[in-house]
Structure formats: structure tokens, C-alpha cells
Amino acid sequence: MKILVPIKRVPDYQAKIRVKADGSGIETEGIKWIVNPFDEIAVEEALRLKEAGKATEVIVATIGPSEAATQLRYTMAMGADRGVIVQHDGYVDSDLASKILAALFKREDFGLIIMGKQAIDSDAGQTPQLLATRLGLPQACFASKLLLEPPYAIVTREVDGGLEIIKVGLPCIVSADLRLNEPRYAPLPGIMKAKKKPLEELTLAALGLEAFSRVLIKKMSTPAVRQGGKKVESVEALITALQHEAKVL
Amino acid sequence: MSSGLVVLQNLDGKLLKASLVALSAARALQSAWGVSELHAICLGPAAAKAAEEALQYGFGKVLWSEDASLEKYRAVAFAAHVVEAAKQTASDLIISAATSIGKDMMPRVAATIDAAQASEILAVNSDGTLKRPLFAGNVLADVELQTLKRCITVRGTAFPPAEKTSATGTLIPLGSVTFVDAQAGEVVSYELSASDRPELGDASVVVSGGRALASSENFQKYIFPLADAFGAAVGASRAAVDSGYAPNDWQVGQTGKVVAPQLYVAVGISGAIQHLAGMKDSKFIVAINKDSEAPIFEVADYGLVGDLFALVPQLTEAVKKAKAG
């Protein structure tokens, strides 16, 4: 079975994100780019399935500027077999991403898609579901455990009240949540090997698609910084403050 | 713009607070976007009872279905019913709370009707754009949906829950809806946390524990009594959940639950960005941590530096006394 793992290049979440003075976007100068952490978890899950003999090939794909090939190579260094980059310099919303990924899915005979549940920059959490609907496939979102028992996938999902275990037919879209696994670091030999693995470059036009996004970001801003920092010396002082200052007790 | 449809979730027939928050957002959009009328859809077990309650909120039509296919939540089944309800009410705008069901299901609705979706909105701006969080809430974006049909999910802390208005509206059973059952799959089982404590999303006080608690026994020994003294819900940091000290549905954070209670007490939590994303809109924040440099103190209104194993029992007693006296 071939597994498709879409990944997204995002700014490092440890870094301080600065909004441009005119609110037109974020400052990208000097930003460290990483693989979206949830997508890394998805790659790891696919690799484990391959190592367990449940999959034959792991193909990673990304949409972005040519520099995004770096993130693709990183996942190939983790162990993915080959990569596809759909080159696009502009903004890609969840909608457009789902259309591009649907086109990629249709090019080959994939048995499963595993991808992160959300990207840590946009936090929209839509692409897996949009993709599943466009392909007419089942979805299993917010997965913390995945068992493949062809023709089914048994997925444990993290939901508001706890855990929900569902059984869906393959192929399906699984969106990875935090606790699905802990991804491996790409080992140095992997990084060397990755340079030799195939990396296909495509354009939107080659997929018969046009670039347009339907969620328009008109302006970005920074929220008001919460003023904190006051310390109290004792439990008694805290109680007094909660009673008389905050009036929550 | 035509009508708006609000997806109302229920627990045992009682409308969820998060759905009433979504209704507040819908009302704000009604004026901002000139939406003619609001309708509602209730699905699943006890939908009829929930629909009766919904009648008190001034909807035009309240559609409902307790169809067998909806007995347990499944994205494909619920989405198909929401799409049908939108069609029957001529609604081009569909709004849901950003609960795990809303997050799971709404993009399926959006793709089915070719709508663009704005996820987890925080506000409706005066110019009609929607405010939503990026980068774990460290950046705010004003967005515009460029499609005729639009889907929106609303963060559960973003608006006050809607008040009852007139008891008008018509109850309309939805009728059967076709969808591909194979696509919907089946629910095998649940592992849900049972608790007498308030729900995390609803509680006015939350007491959260971090990895410093070091065990689930310590959560029971230290966090639970403090929460009970406050009448609070219990939360946890991601680190605590990952370590197995707390179940996943207690996680507060960027990808866990976002809460905004009157009082948030962070015990042994360092204050990683992703955790702050889930609680920084709390009215008041108390932090207890032995590391005076912990980032949590930067957002805390009242920081107490010290050993939580000594301080928390003291605080528990003091809260009990303060509430009794």
C-alpha cells in the first residue's frame, strides 16, 4: 500500500512571530522554517506502518515555494521514499490546498493519506476534512492511535469528552493529533540518502488547477499583551487578593 | 444575504453552552452581514428535546432529527443532515461551535456546498470581517470569506452565551437524508471521562496541573481537593497528559481546549506558548511554581513561587475557609 503524507512548511513555533507594521503579513526575514509538527507526526506514523510491513511506500508532498523542498528533504531523511513539491509562491488557503492534494491523490494508487490535524501557523484545521469530502472518502480526524486492518482502519480519536474509537474503510484520510506518536529525528546518514531520493516538481497548471484562495486575510495584528508578573508572598496574601482585589472568592 | 443556520449541539437534550456562544456570533453576523433570519438544526439522540429548548431563542425554523443514522456522531452522517437543513431553510451561512464535533464536521459541510470556512472566529469586526487566531493566538487575522455560501466555527470563549428572546419559530422534523454510509464508517466504542465536576469549557474556575505533579495519584491528591474547594473544573498541561497524569480531554492549550474562566489556577505549569494559547484570556490567572523564572508568571496576575506540594494543601484549606466564612 502506498501512503501519501502531505506536509506543510511553517515558521518555527518557538520563534517570536512579528507582524509587519502595515499588518499585511508576518515578518519572514530570518525566520527558521520547519515541518509542521503535526505533519511530522504523520510522517512518523506512515514510516512505522511501512516498517511493520503494512505499507510499501511513503510519499511526502508539499505545496509552497521552491525553498519548501528543504522540509520535504527532511522528511525523506526521516525515511520517506520520495517527495513531490507543487511549487507555488503565493498564499494557499485550506481550500486550495485540499484541491491540490486531491489532484495528487488521483495521480497514483494511494491506499491511505495521513496528515497533521492542523498547521500551527493558520490553525484552521480544515484541509484533511475538505480533502476527504472532495475525494468522497471517510475521515478519521484527531487520531491518537491508528491500526490498519485492511480493508479497514481502526482509529482512536481525541474528542471533547475523551476518546472515540471508529472503524472506517480504506482508503481514508487520517489527521494526526499530538499523541499519535513521537517522531524520530532524521539521522545523519538519512540526510545524505535523502539527497538521492526522487523529488518531483510540479506546478498548479500541470495539475490543471488555478491559484485562488477564498479565505482572504485582509489584515494581521498582534493581540494586546496581558500584563502579569505580580507575585504574592504567601497563601494568605493570595487569598486576600482573590477576595478583595479580584473578587473571585 | 439569505438565512443563517446555527448547528445546536446538546447533551441529554440540553443545549450546549458552546452552541449558545455560536448563536451569539450568528446574531452578530445577522446585523453585520444583513442575514435575513436565523434557523437552527438539532441532530442525534434527544434532538427533539433540544429543539424544544431552541424555540426560546427566536429562530425562524428549528429543524431536528433523531434518525437512527445519527445515533452516534459520525462526520459524514451529521454533515449530510446539516447540508439538507441548510437547503430546506435556504441558508447560505452555516455556523457551529468549534467543539470537537464542529471542528470535525464543518469542513465537510463546507466542501459539500462549496463554501469557504473561517475556523474558530473570535469576533465579528465592525467592517464585517471575521477575527480569528493564527500562530496559537499570537497573531490575529481579519478575514473575509469570498464565497456566496459561508461556514463558520466559533471559539467557545469568544462571545457570551445567547440569551433567550421570543418563543417563536416552527419545529420541523428534518426527514431522512441520503448519504453514503460506507463513507461514514462506524463508532466502535468510547472512553469518556465521567465527572461530577463542571465542564472545562463552562466552568468559572479552572485548576490545572502540570508535569510537576509527577503522577496521576498526585493529581488526585493535590489538584482535585483544590478544584473541589473552588468548585472548579480540572485541567492539565500537554506535558501532564503526555506523561499519563491526566486524560486527553483535560488538556488546555492551542490544540487542546481553549478556556476563559473567571479564575485560572496553574499549578506546576511552566507556561509554554501552546499552553498560554489555551488560557490567556482568563479573567484572572494564579500561578504556583517553584521556578520564579517560569514563563507562566509573565501572564499571571498573582504568582506564588514555592513548592506546590506544600502550598497547594495550604491553599485548599484557605479557600475552604474563605468560602465558609
Side-chain angles (χ1 to χ4, degrees), chain A residues 13 17 19 26 94-95 98 117-118 120-126 129-130 132-134 136-139 141-142 144 154 158-169 177-179 214-223 226 228-232 235-236 238-239 241-243 246 248-249, chain B residues 75-76 99-100 103-104 107-108 110-112 116-119 129 133-147 182-183 185-193 238 242 247-249 255 262-263 273 280 284-286 297-305 311 314-315 318-319 322:
Chain A
Y13 60 85
I17 303 292
V19 177
I26 60 161
S94 318
D95 221 22
S98 69
K117 72 169 182 179
Q118 72 196 65
I120 57 151
D121 50 1
S122 58
D123 281 330
Q126 297 178 29
Q129 299 90 307
L130 295 173
T133 311
R134 300 214 141 94
L137 294 179
Q139 69 189 41
C141 295
F142 326 137
S144 62
I154 316 288
E158 295 206 356
V159 297
D160 282 340
L163 301 173
E164 177 191 279
I165 296 142
I166 66 172
K167 183 172 155 184
V168 291
D177 211 322
L178 281 178
R179 277 170 281 277
R214 308 194 301 177
V215 178
L216 193 66
I217 299 179
K218 310 246 11 214
K219 201 180 97 172
M220 289 190 191
S221 59
T222 313
R226 195 188 169 107
K230 194 160 100 179
K231 299 249 178 47
V232 289
V235 167
E236 291 71 32
L238 176 58
I239 294 287
L242 290 178
Q243 278 179 313
V248 288
L249 189 56
Chain B
V76 168
T99 53
S100 66
K103 290 186 211 185
D104 189 44
R108 278 207 93 105
T112 304
Q117 174 174 315
S119 302
T129 55
L134 306 179
F135 296 98
N138 290 298
V139 174
L140 298 176
D142 295 329
V143 307
E144 194 179 271
L145 299 177
Q146 309 240 283
T147 45
Q183 267 182 41
E186 76 181 75
V187 179
V188 174
S189 61
Y190 296 103
E191 274 173 41
L192 302 174
S193 315
R238 174 200 169 168
D242 283 357
N248 67 286
D249 56 303
T255 65
Q262 286 289 100
L263 175 64
I273 294 174
K280 66 183 165 77
F284 292 99
I285 297 172
V286 167
F297 287 121
E298 286 166 41
V299 298
D301 298 288
Y302 308 110
L304 190 51
V305 181
L311 292 171
Q314 286 174 36
L315 181 58
V319 171

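Proteins come first, then strands; the chains are lettered A, B, ... in the order of their sequence lines, and each starts at number 1.
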Any idea which of Ser98(A), Gly125(A), Gly169(A), Pro223(A) has the most non-hydrogen atom pairs under 4.5 angstrom with chain B? Pro223(A)
Could you grab the distance from atom CD of Glu164(A) to atom CG of Asp104(B), nearest 0.5 Å is fine? 7.5 Å
Using a cut-off of under 4.5 Å for heavy-atom pairs, which of Lys117(A), Gln118(A), Arg134(A), Lys167(A) has the most such pairs with chain B? Lys167(A)
The interface call for Val232(A) against chain B, heavy-atom contacts under 4.5 Å, is both
Short side-chain to backbone donor-acceptor contact, Gln117(B) and Asp95(A), under 3.5 Å: no
Please check: side-chain N/O of Asp301(B) versus main-chain N/O of Gly228(A), any donor-acceptor pairing under 3.5 Å? no
Given a strict heavy-atom distance threshold of 4.5 Å, which part of Gln243(A) is in contact with chain B: side chain, backbone, both, or neither? side chain
Partners of Ala141(B) by side chain to side chain contact (heavy atoms under 4.5 Å, CB included), sequence neighbours excluded? Ile217(A), Leu134(B), Val143(B)
Residue Pro133(B) versus chain A: region with a heavy atom under 4.5 Å: backbone
Heavy-atom contact with chain B under 4.5 Å, split by part of Ile120(A): both
I want to check something: taking the side chain as every heavy atom from C-beta on, are Tyr302(B) and Leu242(A) in contact at a cut-off of under 4.5 Å? yes
Where is the tightest heavy-atom contact between Gln183(B) and Pro138(A), given as atom of each residue plus distance? O-CB, 3.2 Å
Counting heavy-atom pairs under 4.5 Å with chain B, the top scorer among Val235(A), Leu216(A), Ile166(A) is Leu216(A)
Counting heavy-atom pairs under 4.5 Å with chain A, the top scorer among Val187(B), Thr112(B), Val139(B) is Val139(B)
Pair count under 4.5 Å, heavy atoms only, with chain A: among Leu311(B), Val319(B), Ile285(B), highest is Ile285(B)
Go through Val305(B), Thr255(B), Val286(B) and name the one with the most non-hydrogen pairs under 4.5 angstrom from chain A. Thr255(B)
Heavy-atom pairs under 4.5 Å with chain A: which of Ser193(B), Gly185(B), Ala118(B), Ser189(B) has the most? Ser189(B)
Using every non-hydrogen atom in the two residues, find where Arg226(A) and Phe284(B) come nearest and quote the distance to one decimal. NH2-CA, 3.7 Å
Which region of Ala182(B), side chain (C-beta onward) or backbone (N, CA, C, O), has a non-hydrogen atom less than 4.5 Å from a non-hydrogen atom of chain A, or is it both or neither? backbone
What part of Val248(A) gets closer than 4.5 Å to chain B, counting heavy atoms only: side chain, backbone, both or neither? side chain
Can you say whether Glu236(A) sits under 4.5 Å from chain B via the side chain, the backbone, both, or neither, judging by heavy atoms? neither
Please name all residues satisfying side chain to side chain contact (heavy atoms under 4.5 Å, CB included) with Glu191(B), sequence neighbours left out, ordered by chain then number. Leu163(A), Ile165(A)
Minimum side-chain heavy-atom gap Leu315(B)-Ile239(A) below 4.5 Å: yes
Smallest heavy-atom separation, Gln126(A) atom then Ser119(B) atom, equals NE2-OG, 2.9 Å
If only atom types and distance count, is the side chain of Lys103(B) paired as donor or acceptor with the main-chain N or O of Phe142(A) below 3.5 Å? no
Max heavy-atom pairs within cutoff under 4.5 Å with chain B, candidates Val159(A), Val19(A), Val168(A), Ile154(A), goes to Val159(A)
Interface residue of largest heavy-atom contact number with chain B, from Val215(A), Asp177(A), Thr222(A), under 4.5 Å: Val215(A)
What is the distance from atom CG of Leu263(B) to atom CG of Leu249(A), rounded to the nearest 0.5 Å? 8.5 Å
Greatest number of non-hydrogen atom pairs under 4.5 angstrom with chain A, of Ile273(B), Val76(B), Thr99(B), falls to Thr99(B)
Counting only non-hydrogen atoms closer than 4.5 Å, does Gln262(B) touch chain A with its backbone (N, CA, C, O), its side chain (CB onward), both, or neither? both
Around Lys231(A), counting heavy atoms of other residues, nucleotides and ligands shown, do more than 12 lie under 6.0 Å from its NZ? yes
Any donor-acceptor N/O pair, Asp123(A) side chain to Ala136(B) backbone, under 3.5 Å: yes
Exam field: side chain Arg214(A) to backbone Thr147(B), donor-acceptor pair closer than 3.5 Å: no
Considering non-hydrogen atoms only, spot the tightest contact between Asn248(B) and Gly162(A) and give its length. ND2-O, 3.2 Å
Top residue by heavy-atom pair count (under 4.5 Å) with chain A, among Asp242(B), Leu145(B), Asp249(B), Leu192(B)? Asp249(B)
Heavy-atom distance under 4.5 Å to chain B: side chain of Ile26(A), backbone, both or neither? side chain
